[in-house]
Each structure stands twice: as C-alpha cells, then as structure tokens.
Amino acid sequence: MAETAASPTPAKTPAEKDLAVRTSPAGSLRDAFAAGSLAGTVEIAELPFLTMVGIRAAAGSDAARRIADVTGGLPARSGDVAGSGDISVLWLGPSEFLVVAPTEAHESLGGDLIQALREALGGDAGQVVDLSANRTTFELTGPQARSVLEKGCSLDLHPRVFKAGTAYSTEIGNIPALLWKTGEDSFRVFPRASFAEFLGRWLLDGMREYASPEVP
Amino acid sequence: MLLIPCPNCGPRDETEFHYGGQAHVAYPENPNELSDTEWSRYLFYRENPKGIFAERWVHSTGCRQWFNMLRDTVSYDIKAIYPMGAKRPDQAGAPAAESGTASLAADSTTTGTAAPDISGTSISPASAPEGATK
Ligand SMILES: [Zn+2]
C-alpha cells in the first residue's frame with residue numbers, strides 16, 4: 001500500500017522545525033513558477049504538504065456513515081466534492097475517496113484528522129491510508145487557467161459543464177492527475193509526487209504563450 | 001481514439017482505460033479434472049470474432065472499476081456497457097460471433113453464440129450513463 005507519508009516525528013519536535021526540513025515534490029520549480037506566472041492572466045504555485053487521506057468504505061455502510069461524520073459528508077458520484085470547513089472529500093470511485101485538508105491537520109504536526117478517520121473506520125472493512133506524500137498540489141489561477149489546462153485535458157472544461165466545486169480523476173498532459181475546480185478561475189491539480197516536476201514544467205510551457213502580446 | 005462511456009464517470013478517452021480481454025470466461029468448476037489441453041484452452045484460447053465481441057475494460061485513470069462492453073470489432077461501435085457479473089445482453093440483429101478456434105469441451109468457457117437470456121439484466125445503452133456529467 002502507499003503508506004508513504006513522512007514518518008511520525010516525536011511530539012516534542014516543533015511543527016516549524018518539521019516543515020523546515022521537508023522538500024516538496026515540486027520545490028525545485030518554485031523560482032520557475034514565480035517567473036512563469038503572469039499576474040491577472042494565469043499564475044501557478046505549489047501548495048506543498050496538504051494532508052491527504054485515502055478512504056475506502058462501501059457506500060451506505062456503517063463505516064461510511066461514521067467517516068462522513070468526521071469529514072462532513074462523503075461525495076456520492078463522479079465529480080462530487082463533499083466535506084465541511086477546511087476538509088474536502090473528492091470522489092475517486094464508488095467506494096473510494098480522497099480527503100484533502102490543510103497541512104496542519106497531519107498527525108506529524110499535531111493534527112488529529114487521520115486518527116479520527118482511523119477510529120471512525122474501526123475494525124470494519126475498508127481503509128484509511130495517509131497519502132499526504134503521494135501527491136502534491138498545484139494551484140493554477142487566472143482567466144487563462146482553463147485554456148492552459150485544455151491543452152492537455154480532454155474533459156469539457158467549459159464553465160457550462162465544469163462547475164466550481166467539482167473534481168475529476170483524469171489525465172492532464174498525458175499523466176494521471178486529479179483536477180479540482182475550486183473557483184471560477186482557479187483549479188487545483190494533484191499529480192503524483194513522481195510526476196510533479198514533469199507536470200509543473202508541462203503547465204509552465206502551456207502558460208508561456210500568454211506572456212507575449214496576442215497576435216492580432 | 002475511442003470515447004468509452006464509463007458507467008461511473010461518463011465518456012472518457014480510451015487512454016484512461018485498460019483492456020481486460022474477453023468477458024465471461026468462467027474459471028473452470030473443477031480445474032483438477034481438466035486435461036492439459038482443456039486447461040490450456042481455458043488459459044490461452046479466446047474468441048476473435050469479426051463483429052460483436054464481449055470484453056472487459058477497467059477505468060484505470062478514473063474510478064478504477066471494471067465493466068463489460070459489447071464492441072463491434074469491425075466498426076468499433078460500442079453497443080452496450082453492462083456490469084461485471086451480468087449476463088451478456090442480447091443484440092437483436094447482431095451477427096452471431098464466429099466461433100474461431102476456441103471450440104471447447106462441455107464446460108465451455110467461451111461467451112457462446114446462443115441467444116443469451118437477458119431477463120434481469122440491465123442493459124445500458126452506449127450513451128451517457130446515469131451520473132455522467134459530461
Ligand atoms: Zn470511471
């Protein structure tokens with residue numbers, strides 16, 4: 001299984017110290033992201049170290065209900081995003097979900113979300129797996145964000161179809177990734193860590209044309 | 001590129017899927033009683049029809065679920081999508097699949113060409129399924 005998160009650190013270690021020694025999957029692109037972003041047009045940044053938890057629980061089961069109580073709901077079908085507060089749950093499959101929460105929710109920084117989810121599942125069939133190190137998060141924003149994504153994603157991303165608050169597991173730039181539309185002009189893209197640099201550079205390449213004046 | 005209607009996610013590019021070969025190849029009831037020839041036929045012999053073929057697919061980049069599909073191997077028309085475990089839906093007017101090389105012993109593992117019983121089988125047309133959003 002993909003239990004790849006940072007190993008738990010002693011409770012005495014301050015969270016800042018823990019974060020300071022981490023290297024995010026696309027950390028090497030930080031300067032390139034800043035240089036390639038165009039304020040008011042399209043901007044890209046990595047949101048490193050979000051807490052992510054893989055959930056498997058059969059829809060309608062007691063375990064699913066208990067987990068939904070922790071997360072504030074589970075999504076019912078493809079595209080749905082459930083959750084409450086700063087916890088979001090993305091639909092990955094009929095009985096498979098991804099919980100996305102802020103960095104501080106991780107147990108290595110003193111958060112209790114993952115433990116609460118484990119307790120909610122209890123001994124029932126299913127799984128709660130810390131996947132925080134499995135993927136990283138890119139935030140792509142701006143009026144041209146959609147056209148950048150459309151270069152490498154075959155989903156219909158037009159706002160009449162792809163509404164804010166929906167997420168899909170699909171392919172972007174020929175690699176598997178999750179795409180979550182968080183606002184009218186803002187998207188979160190979740191590539192696996194090993195694809196992060198590739199997809200980061202791929203998106204930067206797609207953004208490059210907007211730095212030049214439009215050809216009349 | 002095929003546009004495959006996943007029963008959970010709606011139409012997606014073929015590159016999001018993986019192919020699982022011929023559908024309805026049942027594991028032999030009693031493998032120990034098979035001769036080597038029968039066993040090898042179960043393992044390796046598959047139909048290769050010109051026309052409608054029942055096959056398995058998995059939406060590996062999406063919902064990661066398996067499903068069955070009837071596809072015309074000539075036109076690539078997707079005729080039906082139906083759940084794993086469901087019987088092959090009847091295709092009225094469809095040409096009978098040619099048996100190819102996979103003629104088998106009594107406990108045949110091939111799909112068969114006799115008109116299948118579709119009672120209790122939900123046949124999804126190859127259009128956007130329920131829950132599809134695009
Ligand atoms: Zn699917």
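Just so we're on the same page: letters track the sequence lines, and every chain starts at 1.
Within the 4.5 Å cutoff, side-chain heavy atoms of L155(A) are placed close to those of R12(B). Contact of the T170(A) side chain with the E16(B) side chain is registered, since non-hydrogen atoms from C-beta on lie closer than 4.5 Å. Inter-residue side-chain proximity for C9(B) and W91(A) is flagged as met; some heavy-atom pair is nearer than 4.5 Å.
Donor-acceptor pairing under 3.5 Å is recorded for the side chains of S154(A) and D13(B).
Interatomic distance, CG of N174(A) versus OG1 of T61(B), reported as 10.5 Å (0.5 Å rounding).
E171(A) touches chain B through backbone and side chain together, each having a heavy atom under 4.5 Å away. If you measure heavy-atom distances from Q65(B) to chain A, the contacts under 4.5 Å come from the side chain alone.
Heavy-atom pairs under 4.5 Å with chain B were tallied for G93(A), P94(A), P176(A); the largest tally goes to P94(A).
Within 6.0 Å of OH on Y19(B) lie more than 12 heavy atoms contributed by other residues, nucleotides or ligands.
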